[in-house]
Amino acid sequence: MAVHKSQRAAAQQYQNAVNNAQGHSFEDYIKSACVLYSQQGRAEIEKTPEPFRVTAKNRKDGTFSGRFTAHAQPDFQGTLDGGRSIVFEAKYTTTDRLKKEAVTEEQAKRLQLHHERGALAGVCAGIQNNFFFVPWPIWDDMKNLYGRKYVTADDLKTFRVKFNGSVLFLDYVAQIGGRWIKGADCSPDRWRNGHV
C-alpha cells in the first residue's frame, strides 16, 4: 500500500511540474502578444511582477529563499489604444475543463473592482490547445450562464482568440467578427440574449 501511495504522489508531482511548465509557456505566449500589440500601437500591456521579498541568500551557489509579501495582483495590466485600461488573469489547464476557482478570491475581487471602474477586465484562458479571452462579467457569472462552476472549450467557443505562436487575446476568431475587443462586447446580457 505504501508503494501505491508513493506512486500516486510521484505521478501527481510529475503532473504538477508539467502543468507548471505549460502555465509558464502560456504566459510567454501572452507576453509575446503584448509585444506585438505594442509594435502595432494597439496596446501597452505588461506582466505584473509578483510581490516578493528575499529572506536569505546563499553566496556560494547564488540561491536564495524568499516569500510573497502580498496577495497576487491580476497577471497582466495595461492600456488599450484610446485610453481604456485592461486587466486580466491568465489561467491554463491541460485538462478539458477550467474551474472558476482557478481565479482566487483576491484576484476576483481585484478584477471586479477594475471592471466597476471601467477597465476591460477578464480571464485569458487556455484549455489544452484552445485559447480564449473571457470578459470578467462572463467569468464571474459562470454558474448562471453555464450551470456549473467550470467551463470547457466548447462553452467558450464565442470567446476563442487567434493563436500564431502568440495568444492574441485581443483578437477573437469568430462570432464577434474576428476583430479587436470593444467595451460593449463585455456585457453579460449580450451573451445571454445571443446578441453578438
Side-chain angles (χ1 to χ4, degrees), residues 5 8-31 33-34 45-52 66-78 85-161 163 167-170 172 181 185-192:
K5 280 185 180 181
R8 275 190 299 183
Q12 185 60 54
Q13 189 175 21
Y14 172 77
Q15 188 59 51
N16 290 345
V18 168
N19 290 346
N20 191 37
Q22 289 180 330
H24 284 294
S25 294
F26 179 57
E27 284 191 356
D28 288 342
Y29 298 149
I30 294 170
K31 287 179 194 174
C34 291
I45 302 166
E46 296 177 347
K47 173 81 170 93
T48 307
E50 297 288 341
F52 187 82
R67 66 181 177 88
F68 292 103
T69 58
H71 293 291
Q73 296 292 311
D75 289 326
F76 290 86
Q77 300 187 48
S85 295
I86 181 170
V87 180
F88 62 92
E89 267 300 308
K91 297 298 179 188
Y92 179 82
T93 182
T94 57
T95 69
D96 65 348
R97 61 185 62 176
L98 190 55
K99 295 178 182 177
K100 184 177 181 186
E101 67 191 29
V103 174
T104 68
E105 286 184 33
E106 183 65 24
Q107 292 164 342
K109 177 182 170 186
R110 293 284 168 203
L111 290 168
Q112 182 63 33
L113 288 171
H114 282 281
H115 169 71
E116 288 172 2
R117 283 153 182 78
L120 174 57
V123 177
C124 187
I127 300 176
Q128 297 172 335
N129 293 320
N130 299 289
F131 307 105
F132 312 90
F133 188 89
V134 185
W136 178 247
I138 306 302
W139 184 273
D140 191 43
D141 201 25
M142 185 185 294
K143 176 76 168 143
N144 289 325
L145 293 171
Y146 301 106
R148 49 189 145 66
K149 291 187 176 183
Y150 70 86
V151 286
T152 65
D154 191 54
D155 294 330
L156 298 180
K157 62 186 171 199
T158 300
F159 305 105
R160 189 163 171 238
V161 295
F163 179 80
V167 175
L168 300 174
F169 55 89
L170 293 180
Y172 287 124
I181 295 172
D185 294 332
C186 301
S187 166
D189 290 332
R190 289 175 58 98
W191 309 112
R192 282 192 194 100

F163 and F131, any side-chain heavy atoms less than 4.5 Å apart: yes
Under 3.5 Å, is there a donor-acceptor pair between the side chain of Y150 and the main chain of E101? no
Listed partners of D154 passing side chain to side chain contact (heavy atoms under 4.5 Å, CB included), at least two apart: T152, K157
Closest approach of P74 to E89 (non-hydrogen atoms, all atoms of both residues): CA-OE2, 3.0 Å
Between Q128 and T94, is the side-chain contact (heavy atoms from CB on, under 4.5 Å) condition met? List the steps. CA-CA 5 Å; Q128 297 172 335; T94 57; 5.5 Å; no
Please name all residues satisfying side chain to side chain contact (heavy atoms under 4.5 Å, CB included) with E116, sequence neighbours left out, ordered by chain then number. Q112, L113
Partner set under salt bridge (Lys or Arg N to Asp or Glu O under 4.0 Å) for R148, not counting sequence neighbours: D155
Steps toward side-chain contact (heavy atoms from CB on, under 4.5 Å) verdict (F133, L170): CA-CA 7 Å; F133 188 89; L170 293 180; 5.9 Å; no
Kindly give the heavy-atom pair with the smallest separation between I127 and A153, and that separation in Å. CD1-N, 3.7 Å
Non-hydrogen side-chain atoms of W136 and V103 separated by less than 4.5 Å: yes
Report the residues that fulfil side chain to side chain contact (heavy atoms under 4.5 Å, CB included) with S85, sequence neighbours left out, ordered by chain and then residue number. A119
Minimum heavy-atom distance between F88 and L111, given as atom pair plus value: CA-CD2, 4.0 Å
Rounded to the nearest 0.5 Å, what's the gap from NZ on K91 to CH2 on W139? Could you check? 8.5 Å
Side-chain heavy-atom pair N130, R160 within 4.5 angstrom cut-off: yes
Residue list, side chain to side chain contact (heavy atoms under 4.5 Å, CB included) with A90, at least two apart or on another chain: F26, E27, I30, D75, F76
Sidechain N-carboxylate O distance under 4.0 Å for R110, E106: yes
Would you indicate whether the side-chain heavy atoms of K100 and D140 approach each other to under 4.5 Å? yes
Apply side-chain contact (heavy atoms from CB on, under 4.5 Å) to Y92 and S25, showing your working. CA-CA 10 Å; Y92 179 82; S25 294; over 6 Å; no
Could you check whether any side-chain heavy atom of F159 comes within less than 4.5 Å of a side-chain heavy atom of I138, counting everything from C-beta outward? yes
Under the 3.5 angstrom rule, does the side chain of Y172 hit a backbone N or O of F132 as a donor-acceptor pair? no
side-chain contact (heavy atoms from CB on, under 4.5 Å) between I45 and I86, worked out: CA-CA 8 Å; I45 302 166; I86 181 170; 3.6 Å; yes
